[in-house]
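Inspection log for the structure reproduced underneath, given as structure tokens.
To find a chain, count down the sequence lines: A is the first, B the second, and so on, and within it residues start at 1.
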Amino acid sequence: MTPSTRKPFRYGVSLYSFTDDLGTVMGLEEALAAVADLGATGIELLGEAHVPGYPEPDTAWIDHWFRLLERHRLEPTNFGAWIDTRLHLSRPMTAREAAADLSRDIELAARLGFAYVRPKIGVVSFDLVPDPIWEEAIERCLDLAERRRIVICPEIHAPTPLRHPVVEAYVRFIERTGSRHFGLLVDTGIFQDRPLPHWPGETPEMRRDFLNGIAVDPQDFLALAPHVVFIQAKFHHIDERLQDAHIPWERVLPVLKQAGYGGYLSSEYEGDRAPWRSLEQVRRQHALLRQIERRLDAVEG
Amino acid sequence: MTPSTRKPFRYGVSLYSFTDDLGTVMGLEEALAAVADLGATGIELLGEAHVPGYPEPDTAWIDHWFRLLERHRLEPTNFGAWIDTRLHLSRPMTAREAAADLSRDIELAARLGFAYVRPKIGVVSFDLVPDPIWEEAIERCLDLAERRRIVICPEIHAPTPLRHPVVEAYVRFIERTGSRHFGLLVDTGIFQDRPLPHWPGETPEMRRDFLNGIAVDPQDFLALAPHVVFIQAKFHHIDERLQDAHIPWERVLPVLKQAGYGGYLSSEYEGDRAPWRSLEQVRRQHALLRQIERRLDAVEG
Amino acid sequence: MLERFLVQSRGFANTGPQGARTGFELLLRLPSYRGLRASLVDGVDVTVDGERFDHTLNHYVLQGRRLDLAALREASDLRWPLDQPACIQVDRPGGLAAGVHEVTVGVRIRQSYIPIEFQPGVVVETRWATIVLP
Amino acid sequence: MLERFLVQSRGFANTGPQGARTGFELLLRLPSYRGLRASLVDGVDVTVDGERFDHTLNHYVLQGRRLDLAALREASDLRWPLDQPACIQVDRPGGLAAGVHEVTVGVRIRQSYIPIEFQPGVVVETRWATIVLP
Ligand SMILES: [Mn+2]
Ligand SMILES: [Mn+2]
């Protein structure tokens, strides 16, 4: 992928955006209708949140899922999964156990039509180094991922920046295994360059670490771009003048464009959870991102 | 029915209580579960509000309705209907047309298991005199009501008090027809003796008429009691100390008891429509009404 | 399930072909505790960023039928159920700019059981709503 | 659909026979953006009108299974899905008086991807809730 290959972005939404709304003021049907109404094509979800009966949804629900996708012309993108390394209070999780959980999620994601599975891996340090079992656990799943045409993609999420030993370890894993079924997911929260409002129960320690924004230089994306398969367009607040209060999209999107990124921008609204607010915020984000992309495309001619 | 025949009240809820919540934060299932959780047994609804596909719900919905009633051990009580006398902008409604609409509602109510149908009749004057077609329209429906075991019961609603020409006309109708399929529904808003807060868009004229409360003397109920078949327990706000801000239940319930009323008290919450507020308000009302009834029963021994 | 606002987030969009928009439309929840026959609805005034579009000029789509105000007032055979939003269509050459707009609706309803002096009642609500595509 | 509050209106009730109540229970929405296996939940503190009932003493009903805290911590095979409230059972001889109570919950959750220093995270919420029957 060379910098000169400019591609159109693809637009999607993660149901994570509708956290606390889904199940209290809207169901899956309304959520998918809202996403389709944006002109978006991609739908992302979290397995153990949005699949009723997870990890074993009944076939009636699976039929319903595919009917909704067809009605709204949406395609499943990324399936959020967890490797819950603290599952057992008395002992650590083994790599085999982690692989078993991840395999189960890969099977389910594939059955539901997804292309990507993001394992959220438990950490072992204050600076969020993932549990070392991740490497063996994921390696055990690569053959299955290939058979089920799934790309496993751990998430680069604040406070971890793009230039970081954790990311380097993922890149070495790609180089060592040569697998095309492993890649990186970037959460745009890493580009946040202004502080978030305080949340209830927030401690000074947590604030220091990541809530002021780690302000990764968007240019850092260029080097990593060949390994990035999916982008979660994390955001927290966009005002009535279409100004994002935290994420510098005007600086981020040109770099993605320059890097030849043609994958999804999948909205992850993470702001105020007042009922119904997420619906309007996601619309603002898509209006904003598309506006910037139109401008970039016009400049390029 | 003599004053000495004291009977237990029956407790119910009208889905009117959940106005604006139903269809935005809850469905029929959650509403009926909430009613059953009160220990209530009666469910009241409004046809052209809570019956999907009204006036012709499909059989799948009717099956669903009866399954929910069975699961929650609820019985249908009153079915709210309207005689929309202003339906045609260019001409008045005829008694025949009104009878046709009411017949359709009686059929539907009976099919759904209801015992009462309340026609809300259009008015022809500033002081809410019902359109004179009511008498012929209802009379045309009495045979059908008998066949379908429905009692037609117009509502005595503020600002119309219990002693009023409109009520006297209804009583004369009962005496003239001798029908046991016509009775009166009393809305407890007539007992309101403290002013409601202003609502958005309220004009001074409307305020003067009924929002300060018409404070009917509960004793007036005794004379009318033989004709009262149903009571809507209208209320607007009950605070954390279980004090109702507007309806003097402590004076109303002893009279109902003394009158030998053993029918339903069917909650009609009509206060602030903040999402989910109705659920908690209805619980407070049932706690309050049952507390007063226990006290009355204890005094009586 | 519908959104609590009368004007729904979903469905607020320009109409006509992109580049040659003819107007916009929005989905509206009925501001009433009961469904109504269409002839009891006396139209909807719409104001966007201070620009008013009168109820006499707008069009109304209910259960697949598109009506002007005169037809709406005669439509005693058509229902606007509580659980189905109506679509309000507004003519405005060029449509609206992509972005956030201040949208006010005034929904005019004729109830039979309220004195004629107060009819039609008008329910007014304002919200921010977003046009995604120009 | 669940209520937005964590503590649901529905289900707040005394337990045991009327006249000889043994305690009370409440239904709780999981305060998380994802479902959790039960062993990741470290119990729920409950406070009613200032009287505290510690998470170590309460019982938890998930998918029909009733567990004490020790059993909950071991229940890696049991799930608390987002769309199903858990029932929290509290011992209190006599139960609670009928009427409105100030109810606070502290829901203790262990996430694997947050530094151990911050675990369990505790989500606290207070609301008014009503016991209908004494
Ligand atoms: Mn993310
Ligand atoms: Mn009433």
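A salt bridge does not link C:Arg110 with B:Asp84: none of the charged nitrogens is closer than 4.0 Å to a carboxylate oxygen. Comment: B:Glu48 engages C:Arg79 in a salt bridge, judged by a side-chain N to carboxylate O separation of less than 4.0 angstrom.
Chosen from B:Leu87, B:Val123, B:Thr85, the residue pairing most often with chain C at heavy-atom distances under 4.5 Å is B:Leu87. Heavy-atom pairs under 4.5 Å with chain C peak, among B:Arg86, B:Met26, B:His50, at B:Arg86. Among C:Val124, C:Val122, C:Leu36, the residue with the largest count of heavy-atom pairs under 4.5 Å with chain B is C:Leu36.
Side-chain contact between B:Pro275 and C:Arg4: present, with at least one pair of heavy atoms (C-beta onward) separated by less than 4.5 Å. With contacts defined as side-chain heavy-atom distances shorter than 4.5 Å, the pair C:Arg29/B:Asp20 qualifies.
Neither the backbone nor the side chain of B:Val124 comes within less than 4.5 Å of any heavy atom of chain C. If you measure heavy-atom distances from B:Leu22 to chain C, you find no contacts under 4.5 Å at all. Proximity to chain B (any heavy atom under 4.5 Å) is restricted, for C:Glu3, to the backbone atoms N, CA, C and O. Proximity to chain C involves both the backbone and the side chain of B:Tyr54, based on heavy atoms less than 4.5 angstrom apart. For a residue to count as touching a neighbouring chain, one of its non-hydrogen atoms must lie under 4.5 Å from one of that chain's; by this rule B:Ile121 touches chain C with the backbone only. For chain B, no part of C:Leu30 is nearby; none of its heavy atoms comes within less than 4.5 Å. The part of C:Gln119 that comes within reach of chain B is its side chain, from C-beta onward, which places non-hydrogen atoms under 4.5 angstrom from that chain. Proximity to chain C (any heavy atom under 4.5 Å) is shown, for B:Asp21, by both the backbone and the side chain.
Relative ring orientation between C:Tyr33 and B:Tyr16 is described as perpendicular, the plane-to-plane angle rising above 60° on a 0-90° scale split at 30° and 60°.
Between the CD atom of C:Glu74 and the OG atom of B:Ser90 there is a distance of 5.0 Å, given to the nearest 0.5 Å.
Remark: C:Gln18 CD is packed, more than 12 non-hydrogen atoms of other residues, nucleotides or ligands lying under 6.0 Å away. Counting non-hydrogen atoms of other residues, nucleotides and ligands closer than 6.0 Å to CZ of C:Arg52 gives a total above 12.
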